[in-house]
Amino acid sequence: MSCAMPSCWVLTEGIAGTENQCLGLAEAMGVTPQVKRASPAAPWRHLPAAWPVPPLHVLSEGSDALQPPWPSLLIAGGRKAVGLALRLRRAARCFTVCVQNPRVEPGRFDLVIAPRHDGLSGRNVVVTRTALHRVTPARLAAAGREFAPDLETLPRPLVAVLVGGASRRHRFAPSDGAALGRSLAAMAADAGAGLAITASRRTAAASMTALGQSLADTPARIWRGDGANPYFGYLALADAIVVTGDSVSMTSEACATGKPVYVAPMRGRGSRRIDRFFEGLEQDRLVTPFAGRIDDWAPRPPLDETARAAEIVRERFEAWAASRPAP
């Protein structure tokens, strides 16, 4: 940054996916943030974010203290952090960025970074095609070197498979795991491919067991949560990626690699908001529905929306900092 490196807080309620988005934005800006995990205590935690903002000292048990020295840049995300972020903006007079739709008037923040499937707009809203993330060329290269020995016996091409799980709107029962395994086995046999499969926090053990049983005769490495997480290594080393259609974050990270991305359908009642996300990426020709085959192995330019958003935040922060009176 052309001005002095800002002091930065990342504020969330502690949900890993939201925190990673905020950290990805800070890292792309070249700043090292102090992570604050906090949420308001009752009654504010039960009220909509648009209600009067909570005081900074009335926090739920286990929250980090929110007290001086204040940051000059605040990156916040998550419903329960919105009110605290607005209170901090007032108390610290810091440049405040909200990641994801805050569910309040965007003009109450200096900037809002929101994915286009949220349908948010405004003069201070930066719309991204994907969620923010922490995928960078350097992180992929390092992870690729670390995990290459684990995958060297698998045939090429190599397909990374990112498996999600049950959510409020999706189901991934053992029968679903078995069906996905059969589809992957057919694809691997057709292409002569190897599989590098990783489960998420939401993947039920029984569903992964069923998936693995369907791949008994397929060259595959399956990570079920034991040992070092190979997620970035699998992204780095893959020639193509299959991701289950329940996860915006995993699909966003897959698109950032420049590899062909295929989306496996998930059973459930779905979400119009999530549907818009996948439909938009299909229209942009960034993802393809997975139906048991991979026909396109050609690399493409990585979709780096995090770097683009970071550049905008950097420019706006520098303008804001330059306009402030000297201390």
Side-chain angles (χ1 to χ4, degrees), residues 10 12 15-29 75 77-78 99-100 113-118 127-147 151 158-165 167 170 172 195-203 221 223 225 228-264 266 273-274 276-282 284-290 294 299-310:
V10 158
T12 73
I15 295 175
T18 304
E19 185 174 296
N20 280 335
Q21 290 195 48
C22 296
L23 287 172
L25 180 62
E27 291 167 357
M29 293 180 66
I75 300 174
V99 173
Q100 302 177 327
I113 314 294
R116 67 179 172 185
H117 59 273
D118 275 349
V127 177
T128 59
R129 287 186 283 178
T130 64
L132 304 185
H133 53 76
R134 302 181 74 186
V135 174
T136 65
R139 182 167 275 126
L140 291 177
R145 290 190 296 269
E146 180 181 357
F147 289 98
L151 305 180
L158 179 68
V159 179
V161 183
L162 315 180
V163 182
S167 66
H170 294 96
F172 192 65
L195 304 177
I197 304 171
T198 176
S200 75
R201 297 178 185 85
R202 292 182 290 104
T203 314
R221 183 83 71 248
W223 186 75
N229 189 335
Y231 181 81
F232 286 112
Y234 288 4
L235 290 180
L237 297 165
D239 297 294
I241 300 169
V242 174
V243 57
T244 54
D246 60 304
S247 178
V248 169
S249 60
M250 290 195 303
T251 304
S252 300
E253 290 159 346
C255 288
T257 66
K259 315 292 178 68
V261 177
Y262 286 75
V263 178
M266 287 282 276
R273 176 176 167 273
I274 303 301
R276 286 198 301 269
F277 169 74
F278 287 107
E279 289 166 3
L281 293 185
E282 279 190 54
D284 293 341
R285 298 186 178 181
L286 292 166
V287 304
T288 303
F290 179 66
I294 292 181
R300 64 272 333 259
L303 178 62
D304 198 348
E305 292 287 78
T306 304
R308 182 177 69 85

For Q21, the option from I75, V99, I113 that meets side-chain contact (heavy atoms from CB on, under 4.5 Å): V99
Gap separating the OG1 atom of T244 from the CE atom of M250, nearest 0.5 angstrom: 4.0 Å
Residue pairs passing the salt bridge (Lys or Arg N to Asp or Glu O under 4.0 Å) test where at least one lies in residues 127-139, sequence neighbours excluded: E27-R134, E27-R139, R129-D284
Nearest-0.5 Å distance that lies between atom CG in L281 and atom OG in S252: 7.0 Å
Closest contact, heavy atoms only, L151 versus R221: CD2-CB, 3.9 Å
Closest non-hydrogen atom pair between N229 and F147, with its separation: O-CZ, 3.4 Å
Ion pair check, R308 and E305, cut-off under 4.0 Å: yes
Heavy-atom donor-acceptor pair, T203 side chain to S200 backbone, under 3.5 Å: yes
Value rounded to 0.5 Å, distance of OH in Y262 from CD1 in I294: 6.0 Å
V242 vs L195 side-chain heavy atoms within contact, under 4.5 Å: no
Summary of salt bridge (Lys or Arg N to Asp or Glu O under 4.0 Å) pairs that have at least one residue in residues 228-247, sequence neighbours excluded: R156-D239, R202-D246
Inter-residue atom distance L162.CG - Y234.OH, 0.5 Å rounding: 11.0 Å
Side chain to side chain contact (heavy atoms under 4.5 Å, CB included) against L140, all qualifying residues, sequence neighbours excluded: V135, F232, L235, A236, T257
Considering all heavy atoms, the nearest V248-A131 contact: CG1-CB, 3.9 Å
Atom of C22, atom of T12 and distance for their closest heavy-atom approach: SG-CG2, 4.0 Å
Considering all heavy atoms, the nearest Q100-P115 contact: CA-CD, 4.4 Å
Interatomic distance, L132 atom CG to L23 atom CG [nearest 0.5 angstrom]: 11.0 Å
Under 3.5 Å donor-acceptor, T198 side chain and W223 backbone: no
Side chains of T130 and T128, donor plus acceptor under 3.5 Å: no
Shortest non-hydrogen separation from G77 to T18 and the atoms involved: C-CG2, 3.3 Å
Inter-residue atom distance I274.CD1 - T251.OG1, 0.5 Å rounding: 9.5 Å
